[in-house]
There are 2 protein chains.
Amino acid sequence: MESSNAPGGAGGGRREATRQKLYEAAVTLIAEQGFSATTVDEIAERAGVAKGTVYYNFASKSVLFEELLRHGVGLLTASLREAAERTAEESGSKVDALDAMIRAGLVFIDRYPSFTQLYVAELWRTNRAWQSTLMVVRQEAVAVVEDVLRAGVEADELSDEIDVGLTASALVGMVLVAALDWKAFQPERSLDDVHAALSRLLQGRVSGHR
Amino acid sequence: MESSNAPGGAGGGRREATRQKLYEAAVTLIAEQGFSATTVDEIAERAGVAKGTVYYNFASKSVLFEELLRHGVGLLTASLREAAERTAEESGSKVDALDAMIRAGLVFIDRYPSFTQLYVAELWRTNRAWQSTLMVVRQEAVAVVEDVLRAGVEADELSDEIDVGLTASALVGMVLVAALDWKAFQPERSLDDVHAALSRLLQGRVSGHR
DNA sequence: CCTTTTGAACTGACTGGTCAGTGCAAAACC
DNA sequence: GGTTTTGCACTGACCAGTCAGTTCAAAAGG
């Protein structure tokens, strides 16, 4: 017996493929309608599986959502960290690293706009079942930015008067909102274009005549 | 909304008072749970009125929500515009005006955190009944920031290379996310403190050694 | 008296979750 | 090799509960 299942990690198991389909179906539906307005029947239908399959793969609707959150933010965090490290090797400049992370953030949002939207919509809610999951996962992502900021201060490349936590939040917000507006209202613009505008803002070349 | 009254347009009619109570009840519940997860019974109960009263005052749950959105963003827009105009009279500097608007934004979020949260959660959704309302109302608010940016470019106080629309989005995002994180994770910090950190970011005193 | 509110009962549609049963490919057996 | 068994993955009808919205007679309120 011992037939199918995924040994080490992401194999091509039938199970894993089904879960992936369910993630993809759930992410767009929940982004559009919100968690509560999205029914399990809809998710199953869009994924092309039966409702029972959803409950075979996930303990409940909430659990499906929580695992989806973890999955998505995991991708983002890895991408940010990779961008920061790659830049660190090449240039050593922390401002360059921040800039690279901004780009990585934009690339992520460009690829997974629905996930981003859903994440933003749920992040500041209180009293929800998955709130603790959300907090943990948020901290993981923000911490990557904070680390770079802190390193920048230590390298005397950034002012030591900055508030690391708040500045990290503000930078994340800047990218998040600009990117969501981009995808929502001007999807034809290029990523480079958007990146350039945000770079300018980051490097303080907005106020102060050039 | 959240706390006090400030009806904005009406005297102390009994009807208006009831609507106000319903707004206040709805805004916190929907911010916490989302629109779909919030029941009309809950809203009525928290407002201290009978369910029939909700339907006497609003055609439906959605209409209540839409009018709530209009009401809230109206307050924000007025506040932003007022801050910009007041600063314009006093100093004439557009950067000062932006700074004043940042503060006005923070004050608003400080006073109505639930409304802000609910607004963010709904803003980028698609295919929802109130989407057009939301777009209109968003544009009203962003336009205030854009106007100041444009004036700043014309006065040669800001670089003419900036992208007005995107920069406005980014600034709004910066304030929004920083403020929501502030209220959610460090509510004990003072508004001045947060404002100072954001001012620094606005004026590009982060990168570049002082 | 005319407007507003009450409060409880009712409906009809919808939803999360369940469960007995099916299909099928690898494993065990002869 | 051919047959039988095993159990994973999946199915979809079904159930018990929930909710938006309606109705209405009666009570405040002003």
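Predicted model, so just to flag it, every value in this text is computed and none were measured. Proteins come first, then strands; the chains are lettered A, B, ... in the order of their sequence lines, and each starts at number 1.
Within the 4.0 angstrom heavy-atom criterion, base atoms lie near A/Thr53. Within 4.0 Å of A/Thr38, counting heavy atoms only, lie sugar-phosphate atoms of the nucleic acid but no base atom.
Salt bridge status for A/Arg86 with A/Asp96: absent, with no side-chain N to carboxylate O gap under 4.0 Å. In summary, A/Arg103 and A/Asp192 engage in a salt bridge, as defined by a charged side-chain N under 4.0 Å from a carboxylate O.
One interatomic measurement links the two molecules: CZ of A/Phe58 to C1' of C/dG16, which rounds to 16 Å at whole-angstrom precision. Between A/Lys61 atom NZ and C/dT18 atom P the separation is 14 Å, expressed in whole Å. Whole-Å rounding puts the A/Leu29 CG to C/dT15 P distance at 12 Å. Atoms OH (B/Tyr55) and C1' (C/dT6) sit 16 Å apart, rounded to a whole Å. One can place CD of A/Glu16 at 15 Å from C1' of D/dC8, the figure rounded to the nearest angstrom. Distance OH (B/Tyr56) to C1' (D/dT23): 15 Å, rounded to an integer number of Å. The distance from atom CG of B/Asp41 to atom C1' of D/dG21 is 10 Å, rounded to the nearest whole Å. Atom P of nucleotide C/dT6 and atom CD of B/Glu45 are separated by 13 Å, given to the nearest angstrom.
Taking the centre of each ring, B/Trp124 and A/Phe185 stay at or above the 6.0 Å mark.
Between B/Asn57 and the phosphate of C/dT4, there is no side-chain N or O to OP1/OP2 separation shorter than 4.0 Å. In terms of phosphate contacts, A/Thr39 brings no side-chain nitrogen or oxygen within less than 4.0 Å of OP1 or OP2 of C/dC14. Checking the phosphate oxygens (OP1, OP2) of D/dA20, no side-chain nitrogen or oxygen of B/Ser60 falls inside 4.0 Å.
Under the 6.0 Å distance and 45° angle rule, A/Lys61 does not count as a cation-pi partner of A/Tyr55.
With hydrogens and angles ignored, a donor-acceptor pair closer than 3.5 Å exists between the side chain of A/Lys51 and the base of C/dG16.
In summary, the side chains of B/Glu32 and A/Thr126 do not present any donor paired with an acceptor at a separation below 3.5 Å, with no hydrogens or angles considered.
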